[in-house]
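Chain A is the first sequence line, chain B the second, and so forth, proteins listed ahead of strands; every chain is numbered from 1. Everything quoted here is computed from the prediction, not taken from an experiment.
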Amino acid sequence: MLHTFDAVIVGAGGAGLRAALAASPRCKTAVLTKLYPTRSHTGAAQGGMCAALANTEEDSWEWHAFDTVKGSDYLGDQPAIDIMCKEAVDAVIELEHFGLPFTRTEDGHIDQRRFGGHTHDHGKGPVRRACYSADRTGHMILQTLYQQCLANDVQFFDEFQVLDVLISDGRAAGVVALELATGEVHTFRSKAILWATGGFGRMFKVTSNAHALTGDGPGVCFRRGIPMEDMEFFQFHPTGIYKMGILLSEAARGEGGILRNDKGERFMERYAPTIKDLAPRDMVSRAIQTEILEGRGIDGKDYVHLDLTHLDPEVIDEKLPDITEFARTYLGVEPKTECVPIQPTAHYAMGGIPTDVDGRVVIDANDTPLPGMYAAGECACVSVHGANRLGTNSLLDIVVFGRRGGEHMAEFVQDVDHAELPNDADEPTREMIDAILDREEGEAVGQLRAELQQTMTDNAGVFRTDETLAQAQEDVDEIAERYESIAIDDHGQTFNTDLAEAIELGFLIDLARALVAGARKRTESRGGHSRDDYPDRDDENFLKHTLAWLGDDGSIELDYKPVKLGRYEPQERKY
Amino acid sequence: MKTTVKIKRYDPDIDDVAYWQDFEVECDEMDRVLDILNTIKWEQDGTLSYRRSCAHGICGSDAMVINGSNALACKMLVKEAGSSITVEPIRGLPVVKDLIVDMETFFDAYKSVMPYLINDDPVPDRERLQTPEQHEKFEDTTKCILCAACTTSCPIFWTNDEYLGPAAIVNAHRFIFDSRDQAGGERMAVLGTREGVFRCRTAFNCTEACPRDIQVTRAVEEVKRAILFKKI
């Protein structure tokens, strides 16, 4: 079936919904999501959204910007970071006006709490900057934005999975999507497309990411010649539930929680003497991994403890109810009296589809935009997070750049016609689907995915070397080859999740190739990319963004573009 | 340990009626029921169909009937579910395939209560003030993840799908009792109708079913009282 819209938004998490609110009143807009909007993974974000409201103590957006730049290990683009931190205040206030039920101070203002890497006076000490709603801030942002979309009659196509993008004459022309309920392939003709499909943490074995986070948006774009930026920078969150990877928010440490090793030692004092347990995530994850590698994991195993036992039980119940419930449900541990076993968990892709500050997708080292193509949120790389994202800045990113992308897109479509659709626009998608459906015997998707996740976790995780990355490259190449002959059990049309998972694995494989290739070439350590064989940051050679292109044969071609610097000169990163 | 899982299957492309199928799965008592379904799908039978996403009880995709009661498959562990587990789709909504139901009537009921903040005053420069006490009045109902576990556990809803159901009422409660909202009257007009809140017979199934531990029945009663006494 052919649909015609001015603008199509792919993904209905925070970025997609905020973009929809900006675009929908001004042009005919469709939001396509492979889930129901309220199932999006924005809902799993817990701790907060930073903005220098200064509701509880002195703060300024410049301090927030400095922290973000430093947190990014100087790889973030400073003009974009300035925009984000400056607009953060209005973004929070707007969410409040939309109805978001923030936790309040006694006098009724939005309460704020401490979070990793957020400081006052350029690193002097922690600051209360995170606006929050208990430990379900993301849930409340997702619900509130969805509610506003309903109030504004935004048109949704729920459970439509986008599998291809149409580009014609160098412009965005539309997308092709699979309607999961019926198996029907739909073509959406559109003047502009905004990608907001979130992350791709499912390429790792231990991850905080939802099953749905398979990088479909970046994967589709990558196959159509759009480069991926800074893919080697993947954040490992320090406190995932042992073995399961379920996130336990940094807010637990913001409220006073402490990490302890097997000796009961507060080991972060050694790694970050000033802000200790509230150091940025890359540093804390490395510290945990180092403790484990040096034999100080609990009982010599691969985890440490998150200790909340000294917190006031009322604080736990009021401010951390969900995450303490996770500990009870999934570990059988009572956080008020027992320590919680945690380990780093693959959490957030700093890299993704390159964009400018208006969400426009830019496709080369000169930042040339592809007209009509936009991206926002985790699937995009502006880059405001650089080599390491600070906690809470993802919720900020989706709201600020979702809005900016949506607004720019709505403006763009006013003055242009639809691009011509290529002939047989949906043919490549149909061929891809039929090839999988028609094959009776072949490689099992579940097995292949498990192998991908294992090698990525073992060889492209918190610590990397040329040797491990070479191993990952070899493994991923082999998995990619076997992927060509996958076969599935379900050959039907109705809600074929077997087929959907098979296609998703293909995106994960392509993106894993970009990650590993970029990581191998980046012979330095910076932010979330930590090389044992090159332990220092190398500004002379690597103060630059990686761009990766996918060749027809699956090979990865790399290029680089300069970091956009600003007020803050790169310095050694100490906390 | 080994667990036997009995799953209600139905594929409209093949089956005239639903049937039960048994699977044997090697698992750990700390595994989630969702992990077991995944093991079956990935290792034994890829045609098994169900919704899932976050896998830790926050996205609301995987509500199903487990051992006779509504639960999220990702929040129930094998140690609770036991070594013999039955799984079937939530009740009262049309089955699309296996454990997947058509959610449209559920979301329609939700949308009918105007689930968004309505406030026509001029927008202030900063946040609207709200004390912790005012916030407390509706905080419980903000936790709803729209998984439908409550509504599809309700015996009134089973026999009458016109009934708005507890989830819609919970979401109306979330705004009726929000000090910043000005449309409580309009929402109560919707809920005061024939298929509204007074259909509730206080069975408490909804409260038991809620994976977010929302006091659903209490919220329903608070809405009833607000309508009866015209007081919020």
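At a 4.5 Å heavy-atom cutoff, the contact between Leu53(A) and chain B is made by backbone and side-chain atoms alike. The contact between Phe495(A) and chain B is made by backbone and side chain atoms together, counting heavy-atom distances below 4.5 Å. With a 4.5 Å cut-off on non-hydrogen atoms, Gln143(A) touches chain B through its side chain but not through its backbone. Interface remark: Met114(B) contributes no atoms to any contact with chain A (heavy atom separation under 4.5 Å). Neither the backbone nor the side chain of Ala444(A) has a heavy atom closer than 4.5 Å to any heavy atom of chain B. In this structure, chain B has no heavy atom under 4.5 Å from any part of Leu142(A). Only the side chain of Asp322(A) has a heavy atom closer than 4.5 Å to any heavy atom of chain B. For Ile100(B), the part lying under 4.5 angstrom from a heavy atom of chain A is the side chain only. Contacts between Thr105(A) and chain B at a heavy-atom distance below 4.5 Å involve the backbone alone (N, CA, C, O). Looking at Asn38(B), only its side chain comes within 4.5 Å of chain A, counting heavy atoms on both sides. Heavy-atom distances place no part of Glu94(A) under 4.5 Å from chain B, backbone and side chain included. Residue contact with chain B, scored on non-hydrogen atoms closer than 4.5 Å, involves the side chain of Val89(A) exclusively. Only the side chain of Asn55(A) comes within contact range of chain B, with at least one heavy atom under 4.5 Å from a heavy atom of that chain. Proximity to chain B (any heavy atom under 4.5 Å) is shown, for His97(A), by both the backbone and the side chain. Of the atoms belonging to Glu80(B), not a single heavy atom falls under 4.5 Å from chain A. For Glu136(B), no part lies near chain A; criterion is any non-hydrogen pair under 4.5 Å. Residue Ala134(A) touches chain B through its side chain alone, counting heavy-atom pairs closer than 4.5 Å. For Pro115(B), the parts lying near chain A are the backbone and the side chain together; criterion is any non-hydrogen pair under 4.5 Å.
Side-chain contact between Ile110(A) and Arg126(B): absent, with no pair of heavy atoms (C-beta onward) separated by less than 4.5 Å. Under the 4.5 Å side-chain criterion, counting only non-hydrogen atoms from C-beta, His41(A) is not in contact with Cys59(B).
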List the steps, then state whether side chain to side chain contact (heavy atoms under 4.5 Å, CB included) holds for Gln130(B) with His109(A). CA-CA 7 Å; Gln130(B) 182 168 60; His109(A) 291 90; over 6 Å; no
Apply side chain to side chain contact (heavy atoms under 4.5 Å, CB included) to residues Arg212(B) and Arg136(A) and explain how you reach the verdict. CA-CA 12 Å; Arg212(B) 301 284 293 146; Arg136(A) 47 179 174 272; 3.7 Å; yes
Going through the distances and angles, do Leu35(A) and Arg51(B) end up as a side chain to side chain contact (heavy atoms under 4.5 Å, CB included)? CA-CA 9 Å; Leu35(A) 308 168; Arg51(B) 291 190 179 99; over 6 Å; no
Show your working on side chain to side chain contact (heavy atoms under 4.5 Å, CB included) between Leu117(B) and Gln147(A) and close with a plain yes or no. CA-CA 8 Å; Leu117(B) 190 85; Gln147(A) 291 157 2; over 6 Å; no
Can His56(B) and Tyr330(A) be said to form a ring-ring contact (aromatic ring centres under 6.0 Å, His included), step by step? CA-CA 9 Å; His56(B) 65 284; Tyr330(A) 298 114; 7.3 Å; no
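We find the CZ-CZ distance between Arg128(B) and Phe102(A) to be 13.0 Å, quoted to the nearest 0.5 Å. We find the CG-OG1 distance between Asp489(A) and Thr47(B) to be 6.5 Å, quoted to the nearest 0.5 Å. For the atom pair CD1 of Ile58(B) and CD of Gln46(A), the computed distance is 8.0 Å after rounding to the nearest 0.5 Å. Once rounded to the nearest 0.5 Å, the distance linking SG of Cys144(B) with NE2 of His139(A) reads 7.0 Å. Atom-to-atom distance recorded for Leu150(A):CG and Phe107(B):CZ is 9.5 Å, nearest 0.5 angstrom. Once rounded to the nearest 0.5 Å, the distance linking OG of Ser53(B) with NE2 of His211(A) reads 8.0 Å.
Panel note: side chain Arg104(A), backbone Pro132(B); no donor-acceptor pair is recorded below 3.5 Å. Between the Glu96(A) side chain and the Glu127(B) main chain, no donor and acceptor come within less than 3.5 Å of each other. Remark: side-chain polar atoms of Asp490(A) are not paired, donor with acceptor, to backbone N or O of Leu48(B) under 3.5 angstrom. Under a 3.5 Å cut-off, the side chain of Glu106(A) and the backbone N or O of Thr131(B) do not form any donor-acceptor pair.
Defined by atom type and a distance below 3.5 Å, a donor-acceptor pair is present between the side-chain atoms of Glu501(A) and Trp42(B). Donor-acceptor pairing under 3.5 Å is recorded for the side chains of Lys41(B) and Thr497(A).
The six-membered or imidazole ring of Tyr146(A) lies away from that of Tyr116(B), with a centre-to-centre distance of 6.0 Å or more.
Using non-hydrogen atoms only and a strict 4.5 Å limit, the part of residues 19-36 of chain B facing chain A consists of Met30(B), Arg32(B), Leu34(B).
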